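From a predicted model like this one, the values you see are computed outputs, not experimental measurements.
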Amino acid sequence: MQTIDRAMQVIKVLAKNDTKKWISITELSKECDLPVSTLHRLLQSMKEHGLIQQDPDLKLYSMGNTWLEYGLQMYDTFDFVGLIRPEMEKLMYEVEESVYFSKPIGLESMVVERIDCLNNPIRIYDQLGIRIPLHIGAANKVMLANMPSSETIKMVNTLVQAEEKDSFLQLLSRIRRQGYGASHGEKTLGTSSVAAPIFNHANELLGAISIGYVNFNITEDRQNYLIEKVIEYGLRISNKLGSKI
C-alpha cells in the first residue's frame, strides 16, 4: 500500500502543474518528501508500466500515456444517455410534454433521445435520428450559441444568408446570456419549443435538452413555466455530468 501511496503522490505532482509538464527527480523528491534513491526505484517501476515517461536527453519526467489510454477507454464507455434519460423522464412528468435530447453533428443536429408524455393526447413527434440544420429550432440555436465563438461564426457563415448574419449572431448572443432558446413554428406550424444547453465534465457543450409543445391557446404563464423548467433541468443534467458551469 505504501508503494501505491507514493506512486499517487508522484502522479499528483506531475498532474497539478499545467505550465511545467516535465519535472526533474530532484524537484519530485522535494514535492513528494521522498529520498532521491527511493524515488528513483519507484520511478523506474512506474515507467515500466507506462504511468510516467522520461525524456532520454534531459532526464525529466512527466505523466505516461497509460493514463490517456485508460481515460479514453472509460470516456468511451460513459453512457451519457443513460445518465440523462432519468432526468428527462422527471422533466416530462413535471411539464407533461415531449422532451428531447439533441447533439450537434457537423452543420446539423440529431435527436438522440425522446421521452413522450402519454397523458398528453396532443404532442409533437420528432423521430429519433432525425437531422436538422443547426440554425433551425430552439435546441439548435442553443447549441450554436454555446459553442466556441470561432466555431459558431464558421457555421453561421455557412448556414445563414449574408443579409441575416448580423441579426442571427445577435440572437445567439442573447440566447447565450439568458440561458435558453425558444422557437415558434420554425419546423412545424402550430408548434413551439424551448431548450437549454447541456455541458460535460470539461464544460464543453454536449448537446441540448428541449421541450416541444403545441402552441394553440398557450398562456404566457405556461410558456414561462416551460422556460423555467428547461433551464432548471439543463443545469441539473450538466451538474450530473460533472460540469461546473
Side-chain angles (χ1 to χ4, degrees), residues 1-88 101-106 112-113 142-155 176 179 196-209 232-245:
M1 291 299 295
Q2 187 181 45
T3 302
I4 294 175
D5 290 339
R6 288 174 172 176
M8 290 309 300
Q9 272 186 284
V10 171
I11 291 302
K12 287 177 182 178
V13 171
L14 293 174
K16 75 178 182 181
N17 198 330
D18 293 331
T19 59
K20 193 174 183 181
K21 299 296 184 183
W22 296 86
I23 301 178
S24 70
I25 191 171
T26 304
E27 291 175 282
L28 281 172
S29 175
K30 291 178 181 177
E31 291 274 358
C32 298
D33 194 24
L34 291 171
V36 170
S37 58
T38 301
L39 195 55
H40 185 268
R41 291 193 299 272
L42 178 62
L43 292 174
Q44 291 306 306
S45 179
M46 293 176 71
K47 189 165 66 171
E48 289 175 9
H49 291 280
L51 300 176
I52 63 166
Q53 55 186 329
Q54 184 182 28
D55 184 297
D57 298 320
L58 299 176
K59 306 300 181 185
L60 301 178
Y61 296 90
S62 71
M63 291 183 67
N65 292 326
T66 295
W67 298 100
L68 178 62
E69 178 185 346
Y70 290 158
L72 289 174
Q73 288 176 9
M74 183 176 179
Y75 185 82
D76 191 48
T77 59
F78 234 55
D79 185 3
F80 288 114
V81 172
L83 291 171
I84 293 169
R85 186 179 174 87
E87 296 298 332
M88 292 177 64
F101 172 54
S102 304
K103 285 178 66 70
I105 302 175
V112 296
E113 186 62 289
V142 155
M143 289 189 283
L144 266 180
N146 286 278
M147 290 177 180
S149 58
S150 58
E151 191 174 342
T152 299
I153 292 171
K154 183 179 179 180
M155 291 191 177
R176 183 166 185 145
I198 293 176
F199 300 94
N200 65 16
H201 65 284
N203 294 333
E204 299 165 335
L205 178 75
L206 180 64
I209 187 171
E232 175 189 335
Y233 274 82
L235 291 171
R236 280 176 59 165
I237 293 170
S238 295
N239 290 336
K240 192 173 182 179
L241 295 174
S243 172
K244 303 302 180 184
I245 290 179

Show the nearest heavy-atom pair for residues P197 and S238, with the distance to one decimal.
O-OG, 3.9 Å

Mind checking the CZ-OG spacing from R41 to S37? Nearest 0.5 Å is all I need.
5.5 Å

Value for OG1 (T3) from CE (M46), rounded to nearest 0.5 Å, stands at 11.0 Å

Could you tell me whether the side chain of Y61 reaches within less than 4.5 Å of the side chain of I25, counting heavy atoms only?
yes

Once side chain to side chain contact (heavy atoms under 4.5 Å, CB included) is applied, do any residues pair with I105, and if so which ones, sequence neighbours excluded?
M110, R131

Got M155 and L144 here, is their nearest side-chain heavy-atom distance under 4.5 Å?
yes

Listed by chain and number, what are the side-chain hydrogen bond (donor to acceptor under 3.5 Å, both in side chains) partners of S62, not counting sequence neighbours?
Q53

Between L14 and L28, is any pair of side-chain heavy atoms under 4.5 Å apart?
yes

What distance do M147 atom CE and I153 atom CD1 have between them, rounded to the nearest 0.5 Å?
13.0 Å

Report yes if some heavy atom in the side chain of F101 is under 4.5 Å from a heavy atom in the side chain of I198; otherwise report no.
yes

For the residue pair K47 and I52, establish whether any side-chain heavy-atom pair is separated by less than 4.5 Å.
yes

How many angstroms lie between CG in L205 and CZ in F199, if you round to the nearest 0.5 Å?
5.5 Å

Reported CG-to-CD distance for the pair L241 and E204, which is rounded to 0.5 angstrom
12.0 Å

What heavy-atom pair brings H49 and T66 nearest, and what distance separates the two atoms?
O-OG1, 3.1 Å

Minimal heavy-atom distance between T38 and R6, with the atoms involved, is CG2-NH1, 3.3 Å

Heavy atoms, side chains only, cut-off 4.5 Å: are V10 and L51 in contact?
no

State which residues pass side-chain hydrogen bond (donor to acceptor under 3.5 Å, both in side chains) with E232; sequence neighbours excluded, sorted by chain then number.
K229

Least distance between heavy atoms, G207 atom then P104 atom
CA-CD, 4.1 Å

So do the side chains of V36 and L39 get within less than 4.5 Å of each other, counting heavy atoms only?
no

Kindly compute the distance separating CE (M63) from CD1 (I11), expressed to the nearest 0.5 Å.
5.0 Å

For L60, what residues pass the side chain to side chain contact (heavy atoms under 4.5 Å, CB included) criterion, not counting sequence neighbours?
W22, S24, L58

Residues at least two apart in sequence or cross-chain that pass side-chain hydrogen bond (donor to acceptor under 3.5 Å, both in side chains) with K30, listed by chain then number, are none

For T152, check side-chain hydrogen bond (donor to acceptor under 3.5 Å, both in side chains) against everything at least two apart and list the hits.
none

Is it the case that over 12 heavy atoms from other parts of the model lie below 6.0 angstrom from the CG atom of D33?
no

Test item: L206 and I84 side chains (from C-beta on) under 4.5 Å apart, heavy atoms
yes

Between P35 and S29, the two heavy atoms sitting closest are C-OG, 4.1 Å

Could you pull out the closest heavy-atom pair between C32 and Q9, with the gap in Å?
O-NE2, 3.1 Å

